Amino acid sequence: MLYIVWKNRNRLGIPIIDEQHRGIVSTINSLYFFMRSGLDQKVLEPTINILKQSTIIHFETEEALISMAGYPGLREHRRLHEKLTKRIDNLSISSFESMDSDTVLKFLRGWWLGHINEEDRKYAPYVLKIEKDRK
Ligand SMILES: [Fe+2]
C-alpha cells in the first residue's frame, strides 16, 4: 500500500509545481516501502538524497515563480522553505534508525500535505494569473 495516495485535490493547477509535488510524494512513498520491506542502506541512502535534491529543486522553482508573480507573501513563504531545508539537511540513514522511521515519515507526510494544501494554495492564484496573462 502507498503511504500517501496522491489525489487530484492536491493539485494547484500549475503544471511544473504539481509535477514536482507529485515527485516528492513518490519519493516519500519509496522511503516508506523500503522501511516496510527492510531493504538495506543501498537504496535508503540514494532515496534520501533524491528527497533532499528534489526539495531544493522544487523550492527554487517555486520561489522563482512566486517572485515573478509578485506574491506578497514571498518572504514568509521562503522562511517556511528554509526551515524545512534545515531539517531535511540533517536527514540521514541514522535519523531513521535513531528517531524511528515512523516519526520521520509522519513528519514528512504531514509537512508536505499541509504545505501543499495550505501555504502553496495561498500563492496559486498569483502564479495562475501570470500564466494566464502569458498565453
Ligand atoms: Fe512552498
Side-chain angles (χ1 to χ4, degrees):
M1 217 181 78
L2 290 174
Y3 189 57
I4 308 171
V5 177
W6 181 259
K7 304 250 170 67
N8 267 344
R9 65 162 188 265
N10 292 324
R11 291 175 54 227
L12 299 178
I14 306 156
I16 189 63
I17 296 296
D18 290 334
E19 199 71 0
Q20 292 178 348
H21 282 158
R22 211 183 159 139
I24 287 164
V25 163
S26 157
T27 307
I28 298 170
N29 280 330
S30 295
L31 281 174
Y32 175 79
F33 176 78
F34 298 150
M35 292 295 158
R36 293 282 305 253
S37 52
L39 287 174
D40 65 12
Q41 301 185 353
K42 263 190 193 160
V43 282
L44 205 49
E45 196 171 10
T47 313
I48 292 170
N49 286 336
I50 286 175
L51 182 66
K52 287 180 180 181
Q53 308 223 345
S54 47
T55 300
I56 294 169
I57 292 166
H58 171 62
F59 286 169
E60 285 290 325
T61 309
E62 214 176 68
E63 287 171 22
L65 272 178
I66 65 180
S67 160
M68 273 190 280
Y71 174 56
L74 171 65
R75 276 179 66 184
E76 197 190 319
H77 200 98
R78 200 175 257 156
R79 226 171 281 139
L80 296 171
H81 286 175
E82 280 165 9
K83 268 194 192 167
L84 184 80
T85 306
K86 273 190 197 136
R87 293 195 70 165
I88 289 269
D89 268 350
N90 295 323
L91 208 64
S92 63
I93 291 174
S94 64
S95 33
F96 281 90
E97 286 163 355
S98 60
M99 277 170 66
D100 107 76
S101 56
D102 267 8
T103 310
V104 182
L105 286 163
K106 266 187 198 153
F107 166 73
L108 289 171
R109 178 171 63 184
W111 195 92
W112 279 103
L113 289 181
H115 189 77
I116 291 169
N117 289 303
E118 287 165 39
E119 297 305 325
D120 289 349
R121 214 158 277 286
K122 293 181 191 167
Y123 74 64
Y126 291 85
V127 175
L128 288 168
K129 192 182 177 302
I130 55 160
E131 295 227 321
K132 203 173 138 207
D133 292 346
R134 224 187 264 159
K135 278 178 193 161

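Owing to the predicted nature of the structure, the values given are computational and were not obtained by experimental measurement.
- Applying the salt bridge (Lys or Arg N to Asp or Glu O under 4.0 Å) rule to Glu19 yields no partners; only residues at least two apart in sequence or on another chain are considered.
- The CD1 atom of Ile130 sits 10.5 Å away from the CD1 atom of Ile66 when rounded to the nearest 0.5 Å.
- Follow the hydrophobic side-chain contacts under 4.5 Å out from Ile88 and you never reach Ile50; the two are in separate clusters.
- Counting heavy atoms from C-beta outward, Asn10 and His21 have side chains that stay 4.5 Å or more apart.
- Rounding to the nearest 0.5 angstrom, the gap separating the CG atom in Asp133 from the CG atom in Leu128 is 11.0 Å.
- Scanning for salt bridge (Lys or Arg N to Asp or Glu O under 4.0 Å) contacts around Glu76 gives an empty result, with sequence neighbours left out.
- Closest approach of Leu74 and Ser67 over heavy atoms only: CD2-CB, 3.9 Å.
- In the hydrophobic cluster analysis, where Ile, Leu, Val, Met, Phe, Trp and Tyr join through side-chain heavy atoms closer than 4.5 angstrom, Tyr123 is grouped apart from Trp112.
- If you take CG on Leu91 and CG on Asn49, they are separated by 9.5 Å, rounding to the nearest 0.5 Å.
- Residue pairs meeting the salt bridge (charged side-chain N to carboxylate O under 4.0 Å, His left out) criterion with at least one member in residues 50-72, sequence neighbours excluded: Glu63-Arg78.
- With salt bridges taken as basic N to acidic carboxylate O contacts below 4.0 Å, none links Asp18 and Arg22.
- Remark: Arg11 CZ is loosely packed, at most 12 non-hydrogen atoms of other residues, nucleotides or ligands lying under 6.0 Å away.
- Tyr3 places a side-chain N or O within 3.5 Å of a backbone atom of Lys106 that can act as its donor or acceptor partner.
- Following chains of ILVMFWY side-chain contacts shorter than 4.5 Å, one can reach Leu51 starting from Ile93, so the two form part of one hydrophobic cluster.
- Both Leu31 and Ile116 belong to a common hydrophobic cluster when Ile, Leu, Val, Met, Phe, Trp and Tyr are linked at side-chain heavy-atom distances under 4.5 angstrom.
- Taking every heavy atom of both residues into account, Tyr126 and Gly70 meet most closely at CD2-O, 4.4 Å.
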I would like to know whether Thr47 and Phe33 meet side chain to side chain contact (heavy atoms under 4.5 Å, CB included); could you show each step before the answer?
CA-CA 11 Å; Thr47 313; Phe33 176 78; over 6 Å; no
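- Remark: Val25 pairs with Ile4, Trp6, Asn29 by the side-chain contact (heavy atoms from CB on, under 4.5 Å) rule, at least two apart or across chains.
- The structure places CD of Glu119 at 7.0 Å from NE2 of His77, a figure rounded to the nearest 0.5 Å.
- Between the CG atom of Leu105 and the CE atom of Met35 there is a distance of 6.0 Å, given to the nearest 0.5 Å.
- By the criterion of side-chain heavy atoms lying less than 4.5 angstrom apart, applied directly or through intervening Ile, Leu, Val, Met, Phe, Trp or Tyr residues, Ile14 is grouped together with Met68 in one hydrophobic cluster.
- The aromatic rings of His115 and Trp111 lie parallel to each other, with less than 30° between the two planes, well short of the 60° mark.
- Under the salt bridge (charged side-chain N to carboxylate O under 4.0 Å, His left out) criterion, no residue pair touches residues 82-96, with sequence neighbours excluded.
- Closest heavy-atom contact between Ser92 and Ile48: C-CD1, 3.7 Å.
- In this view, Tyr32 and Arg36 satisfy the side chain to side chain donor-acceptor pair (under 3.5 Å) rule, not counting sequence neighbours.
- Here CG of Leu84 is found 9.5 Å from CG of Leu80. Values are rounded to the nearest 0.5 Å.
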Trace of the side chain to side chain contact (heavy atoms under 4.5 Å, CB included) decision for Leu12 with Val127:
CA-CA 10 Å; Leu12 299 178; Val127 175; over 6 Å; no
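- When every heavy atom of Thr103 is checked against every heavy atom of Asp100, the shortest pair comes out as OG1-OD2, 2.7 Å.
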